[in-house]
Amino acid sequence: MRIMLVHPNYRSGGAEIAGSWPPAWAPYLAGALKRAGFDDIVFVDAMTEGLDDGALALRIAEAAPDVIGTTAITPAIYAAERVLQLAQRVAPGAVRVLGGIHGTFMYPQVLHEAPWVDVIVRGEGEEIFNALVTAVAEGRWPEARATIRGLAYAERGQVIATPAAPTVRDLDAIGPDWSILDWARYTYIPLGTRVAIPSMARGCPFSCSFCSQWKFWRDYRVREPAKVVDEIEVLARDHGVGFFILADEEPTINRRKFTEFCELLIERGLPDTVKWGINTRVTDVMRDKDLLPLWRRAGLVHVSLGTEAAAQLKLDLFHKETTVAQNKEAIRLLREADIFTEAQFIVGLENETPETLEETYRMAWDWQPDLANWSMYTPWPFSNLFKALGDKVEIHDFSQYNFVTPIMKPAAMERGELLDRVMNNYRRFYMRKALFHYPWRGTGFRRRYLLGCLKAFAQAGFQRSFYNLGKVGYWGPQSKKAVDFGFDASRTMAPAALGDWEAAQDRAELARERRAVAKAARALSAPAAPICGQ
């Protein structure tokens with residue numbers, strides 16, 4: 001019984017400029033499969049290897065799998081569909097499986113546009129994919145499809161979705177098999193070392209309107225810190241990893257467990273050889289300001305903050321529950337703790353103007369993070385904000401939903417002008433940093449890290465891979481009117497399938513609504529107060 005896992009070849013010109021990132025989904029699935037007795041697993045990272053259709057088809061044919069699986073975030077969906085289309089041609093006997101967030105919510109559209117996809121795994125894959133593979137191994141496929149929760153497939157022209165599977169409750173029982181990766185391929189450019197993306201928690205208790213991760217994971221669950229540190233030891237000792245980024249949306253939410261995680265890293269001496277980074281919220285940084293020295297001793301050197309927007313109006317729109325003043329204070333606290341900060345700004349909504357973009361630049365320079373990123377708003381088709389925007393979303397080509405392409409067209413700007421203004425922010429910020437900050441601020445590790453970040457930006461700029469500038473034909477302000485984003489106008493949008501999908505935040509919102517209705521009903525049914533004198 002041979003299982004083949006393929007990471008699709010999709011590049012965005014965004015996060016990958018900092019290095020080659022190992023696709024963590026494959027080791028987590030492989031670990032679960034091997035514990036279930038399936039140890040004949042072939043993994044191909046078509047993205048990192050840069051495989052074209054011909055080379056990938058040859059690899060699939062050589063593997064001759066019984067089951068082939070791939071995954072897709074929204075911008076990679078067409079590349080993932082293509083993987084399975086190639087499999088249909090060169091390994092027709094294999095069961096073709098798609099997983100990931102896009103298929104989870106958009107399965108009716110995917111099954112319609114890619115009928116060669118045999119089945120879609122909806123939600124966390126370890127338990128569902130194991131059940132699917134077991135059914136194939138035991139000769140119960142495809143009859144068993146209807147009995148396995150968390151699947152979607154087409155049958156006689158009809159899309160069928162089995163009931164949503166429960167979330168994985170025991171995260172500590174999920175042990176990834178990191179050995180399936182070719183670790184020499186995965187490098188973090190700023191430090192010139194191997195990089196990993198382990199996970200400490202799944203989900204997020206917040207419900208930012210532009211985000212869909214909390215919807216996908218549904219419940220917030222945290223692993224035992226000792227289990228995660230065990231993984232870090234394996235990654236460092238057996239695979240030469242010198243830098244990792246926790247995949248969590250916000251690993252600092254559970255203060256007790258995050259503190260224990262830091263203490264265990266120190267106890268085992270890992271910060272001497274392994275540094276790491278996280279994404280988190282400014283409110284957690286302010287809450288834990290007394291713990292920041294502990295974070296740094298544990299090897300935490302890079303914190304990316306979702307500051308999101310310079311205008312408080314936008315923060316409220318995104319439901320970030322933070323303020324501009326808190327953003328500035330969190331960056332100051334991290335800087336004083338010798339932790340590198342990266343400020344993330346979301347730009348490109350319909351109310352964006354040259355003035356609001358200039359405001360984000362001025363705030364970024366005033367706050368003085370070590371790094372700043374301006375990401376184009378990407379309207380995930382299964383997010384709350386997408387529904388609120390309605391027909392303002394004109395582009396339905398999902399391959400462009402990548403944080404670097406202006407999907408939304410601001411009312412006051414053309415898309416080319418928006419891109420040019422964002423590039424102007426980057427040019428000014430990093431030119432000033434390169435000339436007056438990076439070479440002169442600090443010594444030793446701090447200086448080496450900052451110059452390494454500058455190297456990553458310069459390398460991507462020289463190759464014109466940053467922000468897909470070469471692909472869209474942007475060469476500076478003089479080219480802003482000639483930029484061609486290459487949108488596929490033939491792509492259409494279908495509604496997300498959320499009928500049986502309920503996150504913890506959704507349940508909480510429904511409970512609040514029920515309480516409000518009950519309170520109103522009690523008020524209406526209460527006897528009227530007597531009027532004085534009657």
Side-chain angles (χ1 to χ4, degrees), residues 1-6 25-26 28-41 65-72 80-81 83-84 87-88 91-171 173-175 202-203 215-219 221 382 496-504 506-507:
M1 177 71 179
R2 173 163 290 179
I3 303 159
M4 187 175 195
L5 304 176
V6 179
W25 69 272
Y28 279 96
L29 275 188
L33 288 167
K34 289 187 175 181
R35 279 190 300 281
F38 301 103
D39 54 11
D40 188 358
I41 301 172
D66 298 290
V67 175
I68 180 169
T70 188
T71 188
E81 290 173 354
V83 169
L84 299 185
Q88 181 189 43
V95 178
R96 299 177 293 274
V97 187
L98 173 72
I101 189 169
H102 190 88
T104 292
F105 295 126
M106 304 298 289
Y107 63 86
Q109 181 169 7
V110 172
L111 291 170
H112 173 75
E113 68 188 13
W116 53 85
V117 177
D118 288 326
V119 61
I120 292 174
V121 170
R122 302 166 56 220
E124 295 168 270
E126 291 91 352
E127 295 174 353
I128 304 170
F129 193 55
N130 266 10
L132 186 159
V133 170
T134 300
V136 175
E138 295 176 353
R140 296 184 289 108
W141 190 269
E143 293 77 18
R145 292 180 302 183
T147 67
I148 300 173
R149 297 182 68 176
L151 298 182
Y153 54 91
E155 186 175 55
R156 292 190 291 274
Q158 298 294 317
V159 172
I160 297 173
T162 64
T167 55
V168 176
R169 303 316 306 168
D170 186 6
L171 292 185
I174 296 177
R202 290 184 177 178
K215 282 184 176 291
F216 179 80
W217 298 112
R218 292 184 281 175
D219 300 314
R221 292 147 287 150
F382 25 81
L498 301 170
D500 67 340
W501 204 263
E502 189 176 70
D506 295 321
R507 293 193 294 272

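Worth knowing before you read on, the calculation uses all heavy atoms, side chains too, and leaves out hydrogens, waters and symmetry mates.
Although no hydrogens or angles enter the test, the distance criterion places no donor-acceptor pair under 3.5 Å between the side chain of D39 and the main chain of K34. Side-chain N or O atoms of N130 include one that pairs as donor or acceptor with a backbone N or O of A32 at under 3.5 Å. One N or O on the side chain of T104 and one on the backbone of G123 form a donor-acceptor pair closer than 3.5 Å. The closest donor-acceptor contact from the side chain of R122 to the backbone of T162 lies under 3.5 Å. Of the possible donor and acceptor atoms, one in the side chain of W116 sits under 3.5 Å from a partner among the backbone N and O of E81. For the pair R35 (side chain) and G31 (backbone), a donor-acceptor distance under 3.5 Å is present.
Ring geometry for H102 versus F382: interplanar angle over 60°, hence perpendicular rather than tilted (30 to 60°).
Here L84 contributes atom CG and I68 contributes atom CD1; the two are 6.0 Å apart, rounded to the nearest 0.5 Å. To the nearest 0.5 angstrom, L132 atom CG is 11.0 Å from Y153 atom OH. Remark: I120 CD1 to L111 CG distance equals 4.0 Å, nearest 0.5 Å. To the nearest 0.5 angstrom, I3 atom CD1 is 4.5 Å from L33 atom CG. Annotation: the span from E124 atom CD to L171 atom CG amounts to 7.0 Å, rounded to 0.5 Å. Between atom CZ of residue R2 and atom CD1 of residue I41 there is a gap of 11.0 Å, rounded to the nearest 0.5 Å.
Residues Y107 and A497 approach most closely at CE2-CB, 3.5 Å, considering heavy atoms. Nearest approach of A80 to A72, heavy atoms of both residues: CB-CB, 3.6 Å. Here the closest non-hydrogen pair linking V136 and M1 is CG1-CE, 3.6 Å. In terms of heavy atoms, R218 sits closest to A164 at NH1-CB, 4.0 Å. A pairwise comparison of heavy atoms in P65 and M4 identifies CB-CB, 3.7 Å as the closest pair. Closest non-hydrogen pair, F38 versus A137, comes out as CE2-CB, 3.7 Å.
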| query | Step by step, would you call R96 with T70 a side chain to side chain contact (heavy atoms under 4.5 Å, CB included)? | reply | CA-CA 8 Å; R96 299 177 293 274; T70 188; over 6 Å; no
| request: Begin from the C-alpha positions of V67 and F129 and carry the test side chain to side chain contact (heavy atoms under 4.5 Å, CB included) through to its verdict. | output: CA-CA 10 Å; V67 175; F129 193 55; 4.0 Å; yes
| request: For R221 and V168, run side chain to side chain contact (heavy atoms under 4.5 Å, CB included): C-alpha distance rounded to whole Å, both residues' side-chain angles, the deciding distance at 0.1 Å, then the answer. | output: CA-CA 9 Å; R221 292 147 287 150; V168 176; 4.1 Å; yes
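R169 and T167 share a donor-acceptor pair across their side chains, judged by distance under 3.5 Å alone.
Residues R202 and I174 meet the side-chain proximity criterion, which asks for heavy atoms closer than 4.5 Å. When side chains are defined from C-beta on, L151 counts as touching V121, because their heavy atoms get closer than 4.5 Å.
More than 12 non-hydrogen atoms from other residues, nucleotides or ligands lie less than 6.0 angstrom from CD of E143.
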